[in-house]
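Counting starts at 1 for both ligands and their atoms, following the listed order. The basis for the numbers below is simple: all heavy atoms, side chains too, and nothing from hydrogens, waters or symmetry mates. Since this is a predicted model, take the numbers as computed values, not measurements.
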Amino acid sequence: MKKYILILLSIILIFSCTKKISTKVQLNQKVDSVLNLMTIDEKIGQMVLYASDGDVTGSKIKSGLVEDIRNGNCGNILNAYSVAYTRKLQKIAVEESRLKIPLLFGYDVIHGHKTIFPISLGESASWDMEAIEKGARVAAIEAAASGLNWTFAPMVDVSVEPRWGRVSEGAGEDPFLGAKIAAARVRGFQGKDNNLADSLTILACVKHFAAYGAPQAGRDYNTVDMSHRVFLDTYLPPYKAAIEAGAMSVMTSFNELDGIPSTANKYLLTDLLRSEMGFKGLVVTDYTSINEMVNHGVAANEAQAGLMAIKAGVDMDMQGEVYFKYLKKQVEDGMLDEKLIDDAVRRVLRVKFLLGLFDDPYRYCNEAREKRLIYAPEHLEAALDVAKKSMVLLKNDNQVLPLKKGEKIAVIGELAASTRDLLGSWKAAGDWDFMKSTLEEIKAFNGDKNVFFAEGCKTSGDDRSGFSLALSTARKADKIVLVIGENWEWSGEAASRTSIQIPGVQTELLEKLKALNKPIVVVLMNGRPLDLSRENQLADAMLETWYAGTMGGKAITQVLYGEYNPSGKLTMTFPVNLGQVPIYYYAKNTGRPIYLENPKYKSRYIDAPNDPLFPFGYGLSYTTFEYSDIQLSANELKPDGELKANVTVKNTGKYDGEEVVQMYVRDLVGSVTRPVKELKGFEKITLKAGESKTVSFSITPDMLAFHRLDMSYGTEPGDYKLFIGGNSRDVKETTFTTPNP
Ligand code: NOJ
């Protein structure tokens, strides 16, 4: 019997493999059947991506777009959305161009299309993979409904650099968590089974490849220089996870790495991405990044830059017009093998086939569907859910929060009354007239007559003329809710800062309000870790809300009033001051760690502590959690074995709540120095007041692997520490060993 089952299983396996192979062969045949018909101009047309007159993030170059589509000189468009518009352009491509090849429509659908979710850094603080995947799913559904088939997301750049405005678009400082989130977002955009032919999935684009998150001094587009080991162990994992999850496009980054701009980096785009990581999709540049190689100083002119890009493995030139202008001539002059063009075009066409565009180029162009799905109630519900989960309670002295319904409160701050700021940067098609501000939501919940508002001051500038009205308004209230932070333009692309303090005179206003001796709740809106040392001294409670999206005002209100108990945990360290930056929990111990007896000659500052203000993984709740000691199934982890680490977490407070239980490991002696902690597991649990739960983590040798002295990837035998806790600082610990194999 067993034998027959085995035979049957083998037949099924062979059949499914053969089916896969034959589907692949068929796809390749289809691609080649189109390629064989193409002139060189038409081929190059598939290798360009031009901006329509929507959002622009650099200089706009291309005019005559419609003619280009008609002539087969433009196969892909960015920043065009809505069914009416995309249908119009698609119609030109498939009804008026010679070969009728459908267009790709790409757009920066980063944290929602119409229904805007919290900025990605905020979403990451939920540590809730289901909610994050759902966010990307909803974004994909709305984008697809709106005529789009490609998003320039997820952005998976690890960063320890709060000066860099683009940390708001990523998942924070940690490679392990970043990898989980990258995969969740790809699943959300492309669908769980990666069925791009489903007309409610869109093509994901992993960006920015690679290491864009480490610009020197935090200045956007600046030089990146790091050891190859750090690149592989810390910066690469999220890109890798996204590719493994099936992402079918990758965007190059603006930066150089080890002296080579990414767009010309053959090691990155061909050797690593395609050969080692097995990526089968298309590689697109970032906006005019081929042209920028001239400024980088590795190409004397654009023609040379284009040659370098295609040879490195770039399939598509975003907005630069370099491929359009020079590739044909370079083939004619014998400088470029047409085979490289064919390979690139194949990759573009393959994606178009996978999206089902050759079967039905209008599959994303259904007006009724667009109407039905944009701002669908379940989308708004999902946005509200993750917005609440993304908020991080940083401080709550004397249980000032949650607020009680009916209490008289003064809501102060420009950001309280703003809807635009709630959307953050990359708001895609998000519409701020559609939504309500935090102030409106608080009034709706607490009753108009119990809420007094004054702007106090702007988020930037030094105008203090609103202070006195803010103070008199606050005097009438039992508690003060001060909404401060950065306005939306202060984070995102090209929004680097040299100070990470709350800008303008907002903190000064807080100081004045403090003198009234009333409880003060600071609600923060910002897109990066801030130096909150001063605010931490002044405020009784602080709630980090990021830019919480279309439903942000309601989410903030529900958290403030305890309708939702905050559960978010920071995914980037918040420093005591900017001088500590870069500061991250997976630092090395150094030869002179701060805990040494020697009072002076050790790795420390003389004017500030080494510890941050709020560590990675940190976040309070309205309830409290107690952790038991760790129970380890054995003290030794065999080369092919597994350890179970159990910890019991008890909700010791009065509220039901959620806790993110985090597991970290330290490899005590390595062939190269190892971080003092590395996140290796986490689980978000819900506990009723008084309830306990045991969380069980598995530890296997592959989880301990890294690039060793000889750059081989693997685990080393030796002693390890294991930590479990509610953040990266406050943990229980134990030890285990891995024996020599
Ligand atoms: C430049 C940005 O770096 C990138 O993230 C974005 O996708 C493109 N512009 C297109 O808007």
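For Y107, the closest heavy-atom approach to ligand 1 does not fall below 4.0 Å.
Ring centers of Y547 and H111: at least 6.0 Å apart, outside the cut-off. The aromatic ring centres of F434 and Y375 sit less than 6.0 Å apart. Side-chain rings of Y221 and W164 stay apart, their centers remaining 6.0 Å or farther from each other. Side-chain rings of F117 and W426 stay apart, their centers remaining 6.0 Å or farther from each other.
In terms of polar-atom proximity, defined here as any N/O pair under 3.5 Å, Y287 makes no such contact with ligand 1.
Near D286, meaning under 4.0 Å from any of its heavy atoms, are these atoms of ligand 1: 1 (C), 2 (C), 3 (O), 4 (C), 6 (C), 8 (C), 9 (N). Residue contact check: F152 has heavy atoms under 4.0 Å from atoms 7 (O) of ligand 1. Residue contact check: K207 has heavy atoms under 4.0 Å from atoms 4 (C), 5 (O), 6 (C), 7 (O) of ligand 1.
Contact annotation for R166 and ligand 1: only side-chain heavy atoms (C-beta onward) come within less than 4.0 Å of the ligand. When non-hydrogen atoms are compared, ligand 1 lies under 4.0 Å from the side chain of H208 (C-beta onward) but not from its backbone.
D128 is not listed as a side-chain neighbour of V386, based on a closest heavy-atom distance of 4.5 Å or more.
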> When you look at M248 and Q190, which way does the side chain to side chain contact (heavy atoms under 4.5 Å, CB included) test go after all the steps?
Replying inline: CA-CA 9 Å; M248 282 299 278; Q190 297 197 167; 4.0 Å; yes
